[in-house]
Amino acid sequence: MAERWWLVVMLLLVPGSSSAWELLSSLPLSLYNLYECGFRADIDAVDCALARNVFGQHLAQELLFKSVKEFIENDNPSKPLVLSLHGWSGTGKTFVSSLLVKHLFKEGSQSRFVHFFSPVLHFPRVQNLEQYKADLKEWIQGNLTACCRSLFVFEEMDKMHSGLIDAIVPFLGTSWVVYGSNYRKAIFLFISNGGGDDINEVALDFWRQRKDREDIRLHHLESAISKAVFSNPKHGFWQSQIISQHLIDVIVPFLPLRPSHVRQCVRTEMVQQGLEPEEVLVNSITDSIVYFPEDEKVFSSTGCKTVASRINYFV
């Protein structure tokens, strides 16, 4: 095996050699992953982490696990995996993305092959839009060349300048060529509050009709979310080719959280802080959250986002 590995290394030094790529794909998975930039996909760990740490998101858990599992198990995907996470703040979108990163890469979020983009931090000035587009395209291509298993996370898409994200359209389909790299093994995550109101309306209708929350399926939400972000001129997906060319593989809705879900968040956070989750204290913190609609108090207006700070206040 050692001799075979050194042969691969030598072939990689030969310009235009295809033999190295063929040999790499035939190596045992553990050794092949050494080449794939510290990519250590632990699908069972992803499933367990979602089940133990994400509350009230049956649909998101199901869609994420299924799509990631199928993508990783496919040795020759036709395109990168493109996921778009939607829902109100505090429902778990960013948290779930961090769980994926943790269990897909050996170094987690510290991996130099995991890239985060914030519109506020990286693309603040609309007058620089064309430069941002050129820089973003160059950055994506450069990192895909360095690592075919790169993961890109675009946060707060609802705050991104319209038109900017279309700079990466060529990398999301099936026909682009990145020299020396199978870019189709990359993963792109988009995180957005866009469509959150539509998701909340559907969840509220189910509650009012006394329907089981678990019966909410993607077909109840998908078209409304797409329409909401595509037709909103203030959203990063406004009239985007990513939407019109159907480059998003899975839209992942995050439902608004009930008080019972917030209570689970409180207990989990207290345990992580080394505190005893006493029932009286858990209830006090849960009850301090603002719920909507005001007269029915069905869902948390901030999800679990403020739970940690409220624990510090009450303890």
Side-chain angles (χ1 to χ4, degrees), residues 37 63-64 67-68 70-72 74 76-86 93 97 100-101 113-195 218 222-253:
C37 346
L63 292 170
L64 284 167
S67 58
V68 172
E70 290 179 352
F71 179 75
I72 290 172
N74 184 351
N76 189 30
S78 61
K79 66 182 292 295
L81 178 62
V82 184
L83 304 174
S84 191
L85 283 53
H86 296 263
K93 304 182 301 297
S97 68
L100 290 179
V101 169
F113 305 110
V114 176
H115 312 278
F116 295 89
F117 297 92
S118 164
V120 176
L121 179 63
H122 298 105
F123 318 112
R125 298 179 178 84
V126 68
Q127 61 267 31
N128 295 338
L129 181 59
E130 292 305 314
Q131 185 61 53
Y132 291 152
K133 290 168 70 174
D135 291 345
L136 181 58
K137 184 175 182 179
E138 182 179 355
W139 177 267
I140 297 293
Q141 174 143 342
N143 282 282
L144 285 175
T145 301
C147 174
C148 65
R149 282 292 190 185
S150 292
L151 190 152
F152 303 93
V153 181
F154 291 86
E155 302 171 326
E156 298 182 299
M157 282 297 299
D158 44 301
K159 296 180 181 178
M160 184 169 286
H161 303 305
S162 300
L164 172 58
I165 201 62
D166 276 2
I168 72 169
V169 163
F171 305 109
L172 305 184
T174 60
S175 59
W176 192 259
V177 176
V178 178
Y179 178 75
S181 175
N182 182 3
Y183 79 99
R184 297 177 183 87
K185 290 186 175 183
I187 298 176
F188 291 81
L189 297 181
F190 299 110
I191 299 175
S192 170
N193 291 345
L218 184 58
E222 189 172 23
S223 60
I225 294 172
S226 296
K227 183 178 179 180
V229 300
F230 188 72
S231 61
N232 182 356
K234 295 183 179 180
H235 196 283
F237 279 141
W238 180 58
Q239 297 186 352
S240 171
Q241 294 177 52
I242 293 176
I243 303 294
S244 62
Q245 294 184 22
H246 308 288
L247 295 176
I248 293 175
D249 296 297
V250 184
I251 287 178
V252 184

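Predicted model, so just to flag it, every value in this text is computed and none were measured.
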**OP:** Check the angle between the aromatic planes of F117 and F152 and answer parallel, tilted or perpendicular using the 30° and 60° thresholds.
**Re:**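 Geometry flag for F152 against F117: parallel rings.
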Subject >> Plane angle bin for F123 and Y132 - parallel if under 30°, tilted between 30 and 60°, otherwise perpendicular >> reply: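 The rings of Y132 and F123 stand perpendicular, inter-plane angle above 60°.
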Taking all non-hydrogen atoms of both residues into account, name the closest pair between [X] and [Y] and its distance.
X    : Y    : value
S78  : T174 : O-CG2, 3.3 Å
K93  : H86  : CD-C, 3.6 Å
L144 : A186 : CD2-CB, 3.5 Å
V252 : L63  : CA-CD1, 4.3 Å
P80  : L172 : CD-O, 3.8 Å

Subject >> Partners meeting side-chain hydrogen bond (donor to acceptor under 3.5 Å, both in side chains) with E130 (sequence neighbours left out) >> reply: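 Result, side-chain hydrogen bond (donor to acceptor under 3.5 Å, both in side chains) vs E130: none returned.
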With a cut-off of 3.5 Å and sequence neighbours excluded, list every side-chain donor-acceptor pair involving residues 228-236.
unit_1 : atom_1 : unit_2 : atom_2 : d
S231   : OG     : K227   : O      : 2.5
N232   : OD1    : K234   : N      : 3.0
H235   : ND1    : F237   : N      : 2.9
H235   : NE2    : S192   : OG     : 2.7

Subject >> Test salt bridge (Lys or Arg N to Asp or Glu O under 4.0 Å) applied to E70 - qualifying residues, sequence neighbours left out >> reply: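 Counting only residues at least two positions away or on another chain, E70 forms a salt bridge (Lys or Arg N to Asp or Glu O under 4.0 Å) with K66.
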**OP:** Might you work through the side chain to side chain contact (heavy atoms under 4.5 Å, CB included) test for W139 and I168, ending with a clear yes or no?
**Re:** CA-CA 10 Å; W139 177 267; I168 72 169; over 6 Å; no
Subject >> C37/C148 sulfur gamma separation below 2.5 Å >> reply: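 With an SG-SG separation of 2.5 Å or more, C37 and C148 do not form a disulfide.
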**OP:** Under the side chain to side chain contact (heavy atoms under 4.5 Å, CB included) rule, what do F190 and V82 come out as? Steps first, then yes or no, please.
**Re:** CA-CA 8 Å; F190 299 110; V82 184; 3.5 Å; yes
Subject >> For S97, all residues meeting side chain to side chain contact (heavy atoms under 4.5 Å, CB included), sequence neighbours excluded >> reply: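 Listed in chain order: T94, L189, I191.
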Original post:
Please, which pairs that meet side-chain hydrogen bond (donor to acceptor under 3.5 Å, both in side chains) have at least one residue in residues 236-251, sequence neighbours excluded?
Top reply: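 Residue pairs passing side-chain hydrogen bond (donor to acceptor under 3.5 Å, both in side chains), neighbours aside: K79-D249, D166-S240, Q241-Q245.
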**OP:** If a pair satisfies side-chain hydrogen bond (donor to acceptor under 3.5 Å, both in side chains) and one of its residues is in residues 150-159, list it, with sequence neighbours excluded.
**Re:**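 side-chain hydrogen bond (donor to acceptor under 3.5 Å, both in side chains) check on residues 150-159 returns E156-K159.
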Subject >> Spatial distance of atom CD1 (I251) from atom CG (L83) [nearest 0.5 Å] >> reply: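 Between I251 CD1 and L83 CG, I get 10.5 Å after rounding to 0.5 Å.
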Subject >> CE on M157 to CD1 on I242, rounded to 0.5 Å >> reply: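 So the gap between those two atoms works out to 6.0 Å.
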Could you tell me if the side chain of [Y] sits less than 4.5 Å from the side chain of [X], heavy atoms only?
X    : Y    : result
K137 : F171 : yes
L136 : F154 : yes
F113 : L151 : no
I187 : F71  : yes
K185 : P77  : yes

